Every structure is written in structure tokens, then in C-alpha cells.
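Down below is the structure, laid out as C-alpha cells.
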Amino acid sequence: MSDEADAPCDRFARAGALDVERGVLDAEHLASCADCRDAHAAYLRLAALLRDTRPDVAPSSGWEERVRQLLASRAAASSAHVATSAPPAHAEADALVDPPAATRGLPP
């Protein structure tokens with residue numbers, strides 16, 4: 001077991017990403033701590049990668065309204081204490097899932 005003094009600093013790993021998002025990153029600590037600078041650099045690389053590789057997709061026309069209607073009907077059924085003996089049919093769930101054309105036919 002290593003001494004605590006030899007252990008790498010995990011200050012950025014514990015709160016740094018949140019601090020970056022909040023705009024309150026401790027620049028003084030970052031300037032003096034190689035472990036946190038490395039962790040910060042890795043975070044920035046990952047954030048850029050995720051931002052650059054995110055596909056531009058949008059739900060199909062009417063999707064939001066179908067979801068709202070389904071939720072409203074379930075809420076009404078629940079408030080009326082209507083008990084069902086079986087889970088919702090797969091067709092109902094499948095009707096909500098309309099993958100973008102770019103992903104159709106790809107393996108799951």
C-alpha cells in the first residue's frame with residue numbers, strides 16, 4: 001500500500017468535470033498539479049470527441065405527440081384504477097420507437 005503522499009491527486013476526478021461545467025475550475029490548483037492537469041486534458045479530449053461524434057438525429061414527425069398521448073392515457077387508466085394482468089403489448093412500445101433512417105438495418 002503506498003503512502004498518501006505518493007498517491008496521485010484525484011481532486012479533478014472528484015469534482016473537476018462539474019467545476020468545468022459550472023465555470024468554477026480551480027486554475028491555481030490546476031497550474032500546480034500535474035495529475036489534475038492530465039485529468040483535465042483527458043476530460044477535454046473526451047468532451048471534444050463526444051461533441052464531434054454525436055450523430056444529428058431527430059425523432060420522427062409526431063413522435064412527441066404520440067408519447068404525450070400514451071402517457072396521458074396511462075395516467076388516466078392509472079387514476080381510474082384500471083388493473084391490467086399483462087404488460088403493455090410490444091406493438092405499443094414499438095410504435096414509439098422510430099429509429100432514424102441512417103440507423104435502420106444496422107445490427108443492434
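Given the structure is predicted, the values throughout are model-derived calculations rather than measurements.
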Rounded to the nearest 0.5 Å, what separation is found between the CD atom of Q69 and the CZ atom of R74?
13.5 Å
Start with the C-alpha distance between S60 and R66, add both sets of side-chain angles, then the distance that settles side chain to side chain contact (heavy atoms under 4.5 Å, CB included), and finish with yes or no.
CA-CA 10 Å; S60 63; R66 290 191 310 269; 3.2 Å; yes
Looking at R37 and A31, what are the two nearest heavy atoms and their distance?
NH1-O, 2.7 Å
To the nearest 0.5 Å, how far apart are NE2 in H40 and CG in D35?
14.5 Å
Check the pair D26 / F12 against side chain to side chain contact (heavy atoms under 4.5 Å, CB included), numbers first and verdict last.
CA-CA 9 Å; D26 185 351; F12 186 86; over 6 Å; no
Spacing of NE2 belonging to H29 relative to SG belonging to C36, to within rounding of 0.5 Å:
3.0 Å
So how far is it from C9 SG to L30 CG, rounded to the nearest 0.5 Å?
10.0 Å
Report whether V20 and L50 are members of the same hydrophobic cluster (ILVMFWY, side-chain heavy atoms less than 4.5 Å apart, transitive linking).
no
Using a cut-off of 6.0 Å, state whether more than 12 heavy atoms not belonging to E28 lie near its atom CD.
no
